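Data first, discussion second: the structure below is written as structure tokens.
Computation of the quantities below employed the complete heavy-atom set of this structure, encompassing side-chain atoms and omitting hydrogens, waters and symmetry-equivalent molecules. Worth saying up front: this structure is predicted, and the values here are computed from it rather than measured. Convention: sequence-line order gives letters A, B, ...; per-chain numbering from 1.
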Protein chains: 2
Amino acid sequence: MRAAAVQFSQAEFSEVNMEDIAAEAGMTGAAIYNHFPSKDALFIATANHMTQINLVALKRAIESGPTWRSGFAAVLALFVDDTTGWLRYPLLTSAVQLKMLQNREKFDEMLGLRREYVAQFEGLVSRAVAEGDLPADVSTNVAAELLMGFVFNGMGAVMSHMRSEREIRQIVDTASLLLTGSVEPALPNKLDR
Amino acid sequence: MRAAAVQFSQAEFSEVNMEDIAAEAGMTGAAIYNHFPSKDALFIATANHMTQINLVALKRAIESGPTWRSGFAAVLALFVDDTTGWLRYPLLTSAVQLKMLQNREKFDEMLGLRREYVAQFEGLVSRAVAEGDLPADVSTNVAAELLMGFVFNGMGAVMSHMRSEREIRQIVDTASLLLTGSVEPALPNKLDR
DNA sequence: GTCTATAAGGTGATAGAC
DNA sequence: GTCTATCACCTTATAGAC
């Protein structure tokens with residue numbers, strides 16, 4: 001699945017062939033079929049694995065801060081260290097979204113995970129409203145979808161162009177500035193190390 | 001090119017075949033080769049066309065407002081009416097970015113256009129600094145890349161899930177709220193109608 | 001400028017030996 | 001569980017009639 005993630009994050013689904021993935025994993029294409037019944041199944045298993053692992057980190061980060069700002073800063077901080085080892089595949093994340101829209105049946109588990117992501121961001125938005133940083137009449141769902149899109153798709157797109165550690169830290173700090181109005185250090189995360 | 005844009009915005013490059021595009025345009029696959037020498041060339045021509053048209057609208061929108069907030073609001077307002085007719089292809093935009101990263105030589109014209117987009121957003125950021133809404137030590141380039149990513153990739157991803165006119169208006173208003181702190185009506189644009 | 005027919009090349013998946 | 005060999009299918013692109 002790691003080899004698949006690497007390949008699927010560098011080219012679109014149809015352009016990645018089983019030989020490429022197998023080579024990355026040190027075997028031949030046919031051997032993959034001892035572990036996954038099809039290319040589709042490998043893609044879905046990999047995407048679900050990545051999404052599940054990152055969901056746990058997302059939940060912990062959001063719960064870690066006393067204010068919505070610090071919680072959100074902790075979410076952004078995940079990308080600096082790639083805490084889970086599965087956060088640096090933004091193009092794979094986009095590919096999953098595209099295929100999910102095209103084929104909702106095959107991606108029912110992914111759709112459930114996506115709803116959990118949105119729920120996490122909805123919690124963040126609710127806290128921002130309670131703390132007086134967003135008006136009470138904001139649509140919690142739309143604001144949550146947007147925050148999630150800003151982080152995973154927007155920031156992800158920028159990180160595709162700028163990949164050095166220094167640049168990623170700058171991207172994260174600037175995103176925090178644009179979205180929360182300040183660069184708040186993600187203290188709880190740092191204590192984890 | 002319109003037919004190609006429709007198809008390329010609904011599935012990834014390799015999953016769209018020439019017959020699909022031709023059918024959308026009312027011909028057979030072979031006929032396309034009287035207009036474009038290859039599938040790649042058709043994709044690039046379509047992407048460049050879309051990008052150029054939207055760049056003109058982006059420039060006008062950014063220049064239209066007295067403050068950076070109103071300029072940015074005008075940019076967001078473009079998506080409500082799809083002023084150019086070429087703004088509702090967010091998945092095509094993402095696909096272009098992926099292929100551009102993979103094959104920089106073939107996309108040299110697109111890379112030039114992308115730099116012009118960034119320059120437009122850099123102007124917006126500079127004005128925000130001058131107006132005291134962003135600190136002077138912000139990286140103009142990174143902030144501009146992020147704003148662009150938030151709008152085209154972040155908001156685009158949300159619009160892929162919510163496509164009704166009402167939802168798009170709500171997405172745009174909420175994005176304005178999250179990124180500028182207020183929902184500012186894009187007056188100059190409205191006067192254009 | 002569009003069509004039908006087809007060549008040429010690549011890929012997912014399977015069979016069967018080890 | 002991995003390999004080699006191969007099948008079956010699909011797609012881009014071209015040839016040549018109209």
(request) For the pair A:Arg88 and A:Glu165, find out whether any cationic side-chain nitrogen is under 4.0 Å from an anionic carboxylate oxygen. (result) yes
(request) Starting from P on C:dG9, measure out to CD on A:Glu15 and report it in whole angstrom. (result) 20 Å
(message) Quick check for you: among C:dA15, D:dT14, C:dA13, whose closest atom lies nearest to any side-chain atom of B:Ala30?
(response) D:dT14
(request) Take the protein atom CG of A:Asp20 and the nucleotide atom P of C:dT11, then report the distance between them rounded to whole Å. (result) 8 Å
(request) Evaluate side chain to side chain donor-acceptor pair (under 3.5 Å) for A:Gln102 paired with B:Glu12, printing each intermediate quantity in order. (result) CA-CA 10 Å; A:Gln102 290 170 338; B:Glu12 59 187 25; over 6 Å; no
(request) Name the residue closer to the 5' end of DNA chain C, choosing between A:Asp40 and B:Gly26 according to the nucleotide with the nearest heavy atom. (result) B:Gly26
(request) In whole angstrom, give the distance that lies between atom CZ of B:Phe43 and atom C1' of D:dA13. (result) 19 Å
(request) Using whole Å, report how far OH of B:Tyr33 lies from C1' of D:dT12. (result) 5 Å
(message) Below 30° counts as parallel, above 60° as perpendicular, anything between as tilted: where do the rings of B:Phe13 and B:Phe8 land?
(response) parallel
(message) Just the rounded figure in Å: distance from P of C:dG9 to CD of A:Glu19.
(response) 19 Å
(request) In whole angstrom, give the distance that lies between atom CG of B:Leu42 and atom C1' of D:dT11. (result) 15 Å
(message) Between A:Arg114 and A:Glu145 (salt bridge meaning N to carboxylate O under 4.0 Å), is one present in this structure?
(response) yes
(request) Under 4.0 Å between any heavy atoms, over every strand shown, what does A:Ser14 touch: base, sugar-phosphate, or nothing? Just pick one. (result) nothing
(message) How many whole angstroms separate atom CE of B:Met18 from atom C1' of C:dA8?
(response) 17 Å
(request) State which of D:dC3, D:dA13, C:dC3 makes the closest approach to the side chain of B:Lys39. (result) D:dA13
(message) Please report the distance, rounded to the nearest Å, between CG in B:Asn17 and P in C:dT11.
(response) 16 Å
(message) Starting the side chain at C-beta, find the nucleotide from D:dG1, D:dA13, C:dT4 nearest to B:Thr28.
(response) C:dT4
